[in-house]
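As the structure is a prediction and not an experimental result, all values here were calculated from the model.
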Amino acid sequence: MIRYRLDDLGWYQFEHLVQSLIKAQFGGGIESWGGRGDWGIDAYYEGEINYPAKDIQNEGLFIFQIKFVENANASGAKPDIALTKAVKAEIYRLKNTPTYSWIEDVNHYVFITNAPLSSKLKSEVKELFKEVFPNSIVHTHGGRDVCDWLDNNPQIYKSFPQLLSIRDLDQVLTEIVNKHIITRSKTVIEGAREIAAVFVPTETYRKSWETLKNHKFVVLDGPAEVGKTAIANMMALTLVLDRWEAVYCAKPEDILQVFKHR
């Protein structure tokens with residue numbers, strides 16, 4: 001069982017998550033493509049890049065393809081057949097693209113999926129893609145690799161707060177945050193826990209992060225029941241994971257109590 005329930009994301013969110021992750025993990029210069037008509041390219045980069053690890057550099061034309069397999073990590077699931085079928089369909093599509101000639105220029109073809117990849121399955125996938133990319137190095141990454149990238153880049157939670165509902169939140173906090181911070185932020189953490197599974201990152205949520213970044217504070221104003229508290233709690237929880245303290249203050253005196261008990 002992998003640490004994050006990636007299956008819960010669906011293909012669209014998984015694709016955008018991985019695009020953000022590979023930029024954070026390997027370099028912000030990686031460009032995103034994507035969508036149903038992407039010609040087998042979800043992201044690409046040409047030049048020198050820290051891949052497949054931050055301390056290893058390679059250069060050339062990199063093509064990243066992201067493939068989501070439904071229920072790949074469910075109990076008792078056997079995703080090998082579904083993944084192999086998806087890979088063969090991808091190969092057929094690549095061979096029948098109107099710009100097939102670009103394949104000859106690819107130096108590194110990177111295949112990323114939410115499905116777990118055994119050594120045997122990795123070898124099979126690489127051999128299949130070698131039919132299309134005979135001159136390329138084929139790399140494969142499964143669900144566990146994606147989980148490792150998530151753990152290495154907790155700032156991704158700002159853009160994808162729904163991730164906090166697909167892993168044991170207490171385990172994430174314990175691994176990342178000092179116990180003292182967790183204790184002092186308990187009220188905010190519990191408030192965010194209740195809504196994490198259903199929270200949707202709206203435009204207001206994104207603008208709130210932008211305002212906080214530019215001005216060092218943000219004020220959420222509006223009528224009741226429009227999501228102000230939900231946004232505040234999710235932002236606060238994300239900052240706790242970045243080792244900030246988040247203190248719930250219902251009245252001005254609460255702010256003074258924070259400093260009094262330091």
Side-chain angles (χ1 to χ4, degrees), residues 1-25 32 66 68 70-75 112-116 141-213 217-218 220 225-249:
M1 196 70 178
I2 65 172
R3 298 188 298 283
Y4 293 85
R5 299 191 305 277
L6 300 174
D7 296 3
D8 293 0
L9 292 173
W11 78 266
Y12 181 81
Q13 290 191 74
F14 181 72
E15 180 177 298
H16 284 269
L17 169 64
V18 173
Q19 287 171 331
S20 297
L21 274 175
I22 58 177
K23 291 177 184 180
Q25 183 75 10
S32 300
I66 303 163
F68 180 81
E70 297 282 350
N71 301 315
N73 296 286
S75 178
I112 306 169
T113 178
N114 62 310
H141 298 282
R144 289 183 178 85
D145 293 319
V146 175
C147 291
D148 289 341
W149 298 341
L150 281 168
D151 287 344
N152 292 339
N153 299 281
Q155 72 275 14
I156 294 293
Y157 294 136
K158 290 182 181 180
S159 300
F160 297 88
Q162 60 270 45
L163 291 170
L164 299 172
S165 70
I166 63 173
R167 188 180 172 192
D168 185 327
L169 181 56
D170 292 324
Q171 184 180 2
V172 176
L173 288 165
T174 301
E175 291 176 357
I176 297 176
V177 184
N178 181 282
K179 185 177 180 180
H180 171 74
I181 294 176
I182 296 174
T183 300
R184 292 180 64 85
S185 307
K186 183 177 179 180
T187 301
V188 171
I189 291 171
E190 292 308 312
R193 187 196 303 274
E194 294 177 4
I195 62 170
V198 296
F199 183 78
V200 177
T202 61
E203 183 62 25
T204 301
Y205 172 80
R206 287 184 281 270
K207 285 183 177 179
S208 296
W209 276 117
E210 185 178 345
T211 301
L212 183 62
K213 177 183 177 181
F217 75 96
V218 60
L220 298 171
E225 305 299 328
V226 296
K228 300 187 301 297
T229 302
I231 289 173
N233 278 333
M234 292 306 297
M235 291 180 68
L237 177 58
T238 302
L239 289 169
V240 169
L241 288 164
D242 201 22
R243 299 173 180 82
W244 287 50
E245 287 186 16
V247 182
Y248 179 80
C249 298

Interatomic spacing from CD in Q25 to CG in D145 - rounded to 0.5 Å: 10.0 Å

Whether W209 and Y205 hold their rings parallel, tilted or perpendicular, with breakpoints at 30° and 60°: perpendicular

By salt bridge (charged side-chain N to carboxylate O under 4.0 Å, His left out) - contacts of D148 (at least two apart): R3

Under-4.0 Å salt bridge between E210 and K213: no

NZ-OG1 distance between K207 and T202, expressed to the nearest 0.5 angstrom: 10.0 Å

Gap between atom CG of L237 and atom CD1 of I195 - 0.5 Å precision: 9.0 Å

Test item: D7 side-chain N/O and A72 main-chain N/O as donor-acceptor pair under 3.5 Å: yes

Flag side-chain contact, heavy atom, 4.5 Å: T238 against Q155: no

Summary of salt bridge (charged side-chain N to carboxylate O under 4.0 Å, His left out) pairs that have at least one residue in residues 194-204, sequence neighbours excluded: E203-R206

For I66 against E15, the heavy-atom pair lying closest together: CD1-O, 3.6 Å

Any side-chain heavy-atom pair of F199 and N233 under 4.5 Å: no

Side-chain touch V188/V247, heavy atoms, less than 4.5 angstrom: no

Heavy-atom pair of closest approach, residues R5 and R167: NH1-N, 4.2 Å

For residues 159-166, please give each side-chain donor-acceptor pair under 3.5 Å, one per line with the distance, not counting sequence neighbours.
from, atom 1, to, atom 2, distance (Å)
Q162, NE2, Q13, OE1, 2.3
S165, OG, Q162, O, 2.7

Nearest heavy atoms of T174 and D170, plus distance in Å: OG1-O, 2.8 Å

D151-Y4 side chain donor-acceptor pair, cut-off 3.5 Å: yes

Residue pair N114 / V146, side-chain heavy-atom distance below 4.5 Å: no

Considering all heavy atoms, the nearest L169-R193 contact: CB-NH1, 4.0 Å

Student check: side-chain heavy atoms of L150 and L17 closer than 4.5 Å: yes

Nearest atoms (heavy-atom pairs only) where L6 meets C147: CD1-SG, 4.4 Å

Side-chain heavy-atom pair I112, I22 within 4.5 angstrom cut-off: yes

Validation row: F68, E70 side chains within 4.5 angstrom (heavy atoms): yes

L220 versus S208, closest heavy-atom pair with distance: CD2-OG, 3.3 Å

Qualifying residue, where the test is side chain to side chain contact (heavy atoms under 4.5 Å, CB included) with Y157 and the options are L239, L241, D242: L241

E225 atom CD, neighbour heavy-atom count above 12 within 6.0 Å: no

Backbone of Q171 reached by a side-chain donor or acceptor of D168 within 3.5 Å: yes

Validation row: M234, P201 side chains within 4.5 angstrom (heavy atoms): no

